[in-house]
Chemist: 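Below is a structure I'd like to ask you about.
Each chain gets a letter, A, B and so on, in the order the sequences are listed, and its residues count up from 1.
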Protein chains: 4
Amino acid sequence: MRRLTEEVNAVSDIAIDPWLKELLRLNDEEEKMTDKQIKIVQAAVEIFSEKGFAGSSTSEIAQKAGVAEGTIFRHYKTKKELLLSIVAPMMTKLIAPFAVKDFTKVLEADYPTVEQFLRAITVNRLEFARKHFPVIKIFMHEIPFHKELREQFKETVADMVLEKAYKAIRHFQGGGQLIEIPAPTSMRLIVSSIIGLLITRFLLVPESEWDEEKEIDYTINFILHGLAPRKS
Amino acid sequence: MRRLTEEVNAVSDIAIDPWLKELLRLNDEEEKMTDKQIKIVQAAVEIFSEKGFAGSSTSEIAQKAGVAEGTIFRHYKTKKELLLSIVAPMMTKLIAPFAVKDFTKVLEADYPTVEQFLRAITVNRLEFARKHFPVIKIFMHEIPFHKELREQFKETVADMVLEKAYKAIRHFQGGGQLIEIPAPTSMRLIVSSIIGLLITRFLLVPESEWDEEKEIDYTINFILHGLAPRKS
Amino acid sequence: MRRLTEEVNAVSDIAIDPWLKELLRLNDEEEKMTDKQIKIVQAAVEIFSEKGFAGSSTSEIAQKAGVAEGTIFRHYKTKKELLLSIVAPMMTKLIAPFAVKDFTKVLEADYPTVEQFLRAITVNRLEFARKHFPVIKIFMHEIPFHKELREQFKETVADMVLEKAYKAIRHFQGGGQLIEIPAPTSMRLIVSSIIGLLITRFLLVPESEWDEEKEIDYTINFILHGLAPRKS
Amino acid sequence: MRRLTEEVNAVSDIAIDPWLKELLRLNDEEEKMTDKQIKIVQAAVEIFSEKGFAGSSTSEIAQKAGVAEGTIFRHYKTKKELLLSIVAPMMTKLIAPFAVKDFTKVLEADYPTVEQFLRAITVNRLEFARKHFPVIKIFMHEIPFHKELREQFKETVADMVLEKAYKAIRHFQGGGQLIEIPAPTSMRLIVSSIIGLLITRFLLVPESEWDEEKEIDYTINFILHGLAPRKS
DNA sequence: AATGAATGAGTGTTCATTCAT
DNA sequence: CATGAATGAACACTCATTCAT
């Protein structure tokens with residue numbers, strides 16, 4: 001994670017928590033997958049994201065994947081297990097940018113100003129969303145209905161990310177770059193703005209009407225001024 | 001809409017677009033509903049919001065409502081019609097604060113500063129969300145899966161609100177209270193912040209840890225500074 | 001139970017344990033059954049007894065009953081519940097001849113000799129088996145595979161019958177009509193002989209080659225001599 | 001078969017019907033079995049006897065046997081063939097005690113009294129049941145559902161045994177040791193008593209409460225007196 | 001207006017069996 | 001000989017919807 005904008009897999013030169021390595025390894029078992037299994041997952045992602053989990057049928061997935069219905073259940077005990085096998089790994093990837101041991105050092109070395117940090121995060125997550133949009137959509141729709149998802153998210157993701165993010169915020173508050181309001185509140189305001197950007201980009205506005213560079217600039221300036229220490 | 005914080009129904013002393021009146025009337029047919037029908041709707045809201053539309057069964061709704069399975073279909077031709085009867089009226093209510101003919105006049109008369117306007121909107125929508133949380137949840141989950149919902153939302157709601165909202169933004173930009181960036185972008189940043197507030201309040205944070213007054217203040221100040229005209 | 005050979009329902013002039021009445025009542029809810037439900041039960045009995053429970057499919061039962069497959073599950077939550085609804089009541093009927101309060105009195109009044117008692121029991125159970133043969137067959141095949149059946153049988157049937165039967169045996173032993181060996185052993189030898197008779201009659205021998213009167217006589221004489229007190 | 005209580009394999013010094021030899025040979029192909037095949041048969045016996053044939057799945061058997069699902073079908077074309085390969089040999093063993101050419105001679109030489117003969121048979125079959133209990137259970141449960149089993153049993157077993165058994169009965173009737181009633185009826189009464197003993201021993205009574213010696217004595221005395229020629 | 005029995009298409013899942021490796 | 005991925009028919013069961021009462 002020399003650069004937040006780089007893919008996690010490419011940053012093995014940096015200290016990574018060993019448990020993350022484990023998680024990533026588990027995730028990357030993609031290679032042991034059968035051809036048919038890969039097709040099943042692809043079909044499932046498409047259909048789940050289009051119709052929702054409960055609204056999709058395994059027979060439809062099998063058909064789109066070009067396999068027999070039984071084949072799905074050879075690889076996933078239940079339809080739900082198929083869902084989780086798609087969505088759970090995403091959570092690991094979600095925390096990737098923060099999955100670094102010496103977070104403060106990274107901040108100091110690579111991101112001296114809030115602006116640089118925010119821009120890195122924004123661009124990085126924008127890229128991430130572009131790449132994994134359908135899975136993210138599935139995830140966001142299903143999380144209210146599946147306890148396991150919710151718990152896994154809270155435990156392994158939210159806590160992990162929040163801790164590091166608060167650290168970053170306090171780091172910049174200490175440096176006089178951010179106003180001294182509660183870190184969770186700062187966090188909320190930053191995240192709202194970035195997620196608002198992502199949603200607008202991927203759900204609401206047709207690509208043709210979207211000037212990404214400019215919108216990123218506006219958003220970051222909005223956050224920077226919104227959270228700048230008040231003068232006088 | 002003398003005060004945005006007042007209930008729409010209470011503002012009949014103000015000029016209301018006639019089509020809105022129609023919509024509200026349609027919505028208020030609640031009174032013609034039989035006891036059983038009301039129980040069906042209540043049960044449906046609970047179950048839909050808990051399990052999602054596709055994950056709920058009409059028999060479960062009937063059971064929770066204490067009616068026979070057939071009774072649901074006496075009032076609603078299909079399960080989907082039941083969903084729409086719940087969700088569609090909400091959209092009307094959503095646009096209520098903007099459903100005023102002479103919007104600029106209202107702004108000038110009641111909300112001379114951006115802050116006043118933002119605070120009114122925020123408090124008002126917070127109240128709205130508190131009241132209609134389950135239905136909003138249903139709405140947000142189902143909108144990607146139902147063309148009718150999406151279209152109705154775009155046509156009768158989004159457009160209507162956007163137009164008025166842009167007008168308000170330009171009004172305050174003209175008055176030098178807001179930075180001169182594209183109205184849609186300003187809109188996005190404002191709405192992101194407010195929705196982020198609502199989501200944090202209703203989905204993420206336990207009530208005990210939430211100081212509403214403060215969070216509202218932080219949010220409004222964030223927006224105000226974020227969108228303040230840059231000095232020099 | 002003035003006469004063991006009479007149907008239980010016909011003996012209301014005799015004291016019957018109240019719990020038995022309850023059981024019989026529950027069982028006789030046949031009257032509240034739909035036409036279709038009765039047909040389902042009939043079809044299920046036929047098919048279960050022909051192919052065994054696990055070897056029968058609900059679709060086959062539905063077809064033979066002339067109903068839609070869903071109809072079965074409207075009346076019985078699961079296939080197993082259908083099985084139990086068929087088999088469980090049989091157990092109650094099985095104990096009917098012993099379901100009398102003052103068993104010793106009945107013995108003294110109606111069956112002064114072992115022979116009379118044995119003959120009554122034999123004829124009565126032969127009649128019972130003739131009537132309920134398919135259900136008995138189902139019961140005997142399924143009891144090893146269903147804990148509920150086993151437990152219900154042990155608790156409500158075996159114990160109930162054994163107690164009374166032992167009483168009868170000791171009654172006749174006291175009167176010098178039976179050899180003084182342990183009641184359970186006597187019981188085993190009697191029951192083996194009678195069940196052997198039933199099985200031979202209903203499973204092994206074609207009706208044409210069977211002289212029922214004679215076989216009953218042989219069997220009862222066999223038991224009487226086998227259990228007669230040894231002379232000197 | 002010098003002694004009925006001895007294992008069949010140990011009696012090769014006695015004249016054996018050649019067809020039996022063939023059957024035993026077929027059965028003893030156990031030695032040509034691979035390790036895996038033996039494990040499959042063992043697993044199948046356990047699972048079939050626990051859940052019944054129709055209630056067991058080949059995948060479960062494969063799992064318990066520690067082999068791949070396909071391996072079963074390398075050795076047995078179908079699930080049913082596996083069943084038959086387990087159950088059919090048992091039938092051969094069942095008739096073993098009677099599989100002797102010169103049956104009457106054996107009776108005269110080794111079992112001069114009915115009591116000796118009955119005791120030998122009883123002890124021998126009790127031992128047999130103890131050894132092969134699970135397979136016997138499978139056999140008894142499946143015989144009503146499989147024509148092949150039924151026919152094989154009738155043709156090669158029942159007839160074979162019956163013939164010899166009737167011969168034995170008539171032999172003892174001729175000697176004045178048994179009452180002169182039809183041989184099939186005598187047979188039925190004897191077999192009922194012995195099977196009743198076996199069932200009580202292996203299915204109903206916990207070992208702790210069972211005094212085998214005594215129960216055998218009671219049973220044999222019961223049969224002897226039950227079938228003793230009536231005096232005057 | 002309300003019921004609840006009935007439907008039959010559809011659900012997720014299991015099954016015995018096949019076959020390329 | 002052994003594997004295990006793949007199959008597709010069958011399975012028990014659920015569903016939204018209909019309709020006679």
Chemist: Can you tell me if A/T58 touches the phosphate of E/dG12, counting only side-chain N or O atoms and a distance under 4.0 Å to OP1 or OP2?
Modeler: yes

Chemist: Do A/T58 and A/E69 have side-chain N/O donor and acceptor atoms under 3.5 Å apart?
Modeler: yes

Chemist: Which pair of non-hydrogen atoms, one from C/K51 and one from C/S56, has the smallest distance, and what is that distance?
Modeler: CB-OG, 3.8 Å

Chemist: What is the separation between atom CG on B/D35 and atom C1' on E/dA1, rounded to the nearest whole Å?
Modeler: 12 Å

Chemist: I need the CD1-P distance between C/I72 and F/dT14, as an integer number of Å.
Modeler: 13 Å

Chemist: In whole Å, what is the span from the CD atom of C/E60 to the C1' atom of F/dC13?
Modeler: 17 Å

Chemist: Measure CD1/D/I40 against P/F/dC1 and give the value in whole Å, please.
Modeler: 12 Å

Chemist: Looking at the side chain of C/F73, which of F/dT7, F/dT3, F/dA12 is the nearest nucleotide?
Modeler: F/dA12

Chemist: Judged by atom type as modelled, is there a donor-acceptor pair below 3.5 Å linking the side chain of A/S57 to the main-chain atoms of A/E60?
Modeler: yes

Chemist: Determine which nucleotide pairs with F/dA20, using a 3.5 Å limit on both distances of a Watson-Crick or G-U wobble pair.
Modeler: E/dT3

Chemist: C/K51 has an atom NZ; how far is it from atom C1' of F/dC11, in whole Å?
Modeler: 14 Å

Chemist: Determine the minimum heavy-atom distance between A/F53 and A/K79, stating which atoms define it.
Modeler: O-NZ, 3.0 Å

Chemist: Would B/M91 and B/L149 satisfy side chain to side chain contact (heavy atoms under 4.5 Å, CB included), going step by step from the backbone distance to the final call?
Modeler: CA-CA 9 Å; B/M91 293 200 249; B/L149 275 185; 3.5 Å; yes

Chemist: Would you kindly compare C/A68 and B/Q37 by the position of their nearest DNA chain E nucleotide and give the one closer to the 5′ end?
Modeler: B/Q37

Chemist: Let me confirm one number: the NE2-OG distance from B/H141 to B/S49, rounded to the nearest 0.5 Å.
Modeler: 10.0 Å

Chemist: Using a 4.0 Å heavy-atom cut-off across all strands, classify C/E69 as base, sugar-phosphate, or nothing.
Modeler: base

Chemist: Identify whether any heavy atom of B/T71 sits under 4.0 Å from a base atom; if not, whether one sits that close to sugar-phosphate; answer base, sugar-phosphate or nothing.
Modeler: base

Chemist: Nearest to the A/K36 side chain among F/dA12, F/dA6, F/dA16, which nucleotide is it?
Modeler: F/dA6

Chemist: Rounded to the nearest Å, what distance is computed from the NZ atom of residue D/K39 to the P atom of nucleotide F/dC1?
Modeler: 18 Å

Chemist: Does A/G66 or C/S59 map to a spot on DNA chain F nearer the 5' end, using the closest nucleotide for each?
Modeler: A/G66

Chemist: Tell me: CE of B/M33 to P of E/dA2, nearest whole Å?
Modeler: 12 Å

Chemist: Of all the nucleotides listed (E/dT17, E/dG12, F/dT17), which has the minimum atom distance to the side chain of A/S57?
Modeler: E/dG12

Chemist: Using only side-chain N and O atoms of D/T34, determine if any of them is under 4.0 Å from OP1 or OP2 of F/dA2.
Modeler: yes

Chemist: Please determine, for the side chain of B/R74, which listed nucleotide (E/dT14, F/dT7, E/dA1) has the closest atom?
Modeler: E/dA1

Chemist: Is F/dA9 paired to anything, Watson-Crick or G-U wobble with both distances less than 3.5 Å, and if yes, which nucleotide?
Modeler: E/dT14

Chemist: Where each residue is assigned the nucleotide of DNA chain E containing its nearest heavy atom, which of A/K77 and C/H75 is assigned the position nearer the 5′ end?
Modeler: C/H75

Chemist: Quick check on DNA chain F: between A/V67 and C/K80, whose nearest nucleotide comes earlier from the 5' end?
Modeler: A/V67

Chemist: Grab the OH-C1' distance between D/Y76 and E/dT18 for me, whole Å please.
Modeler: 19 Å

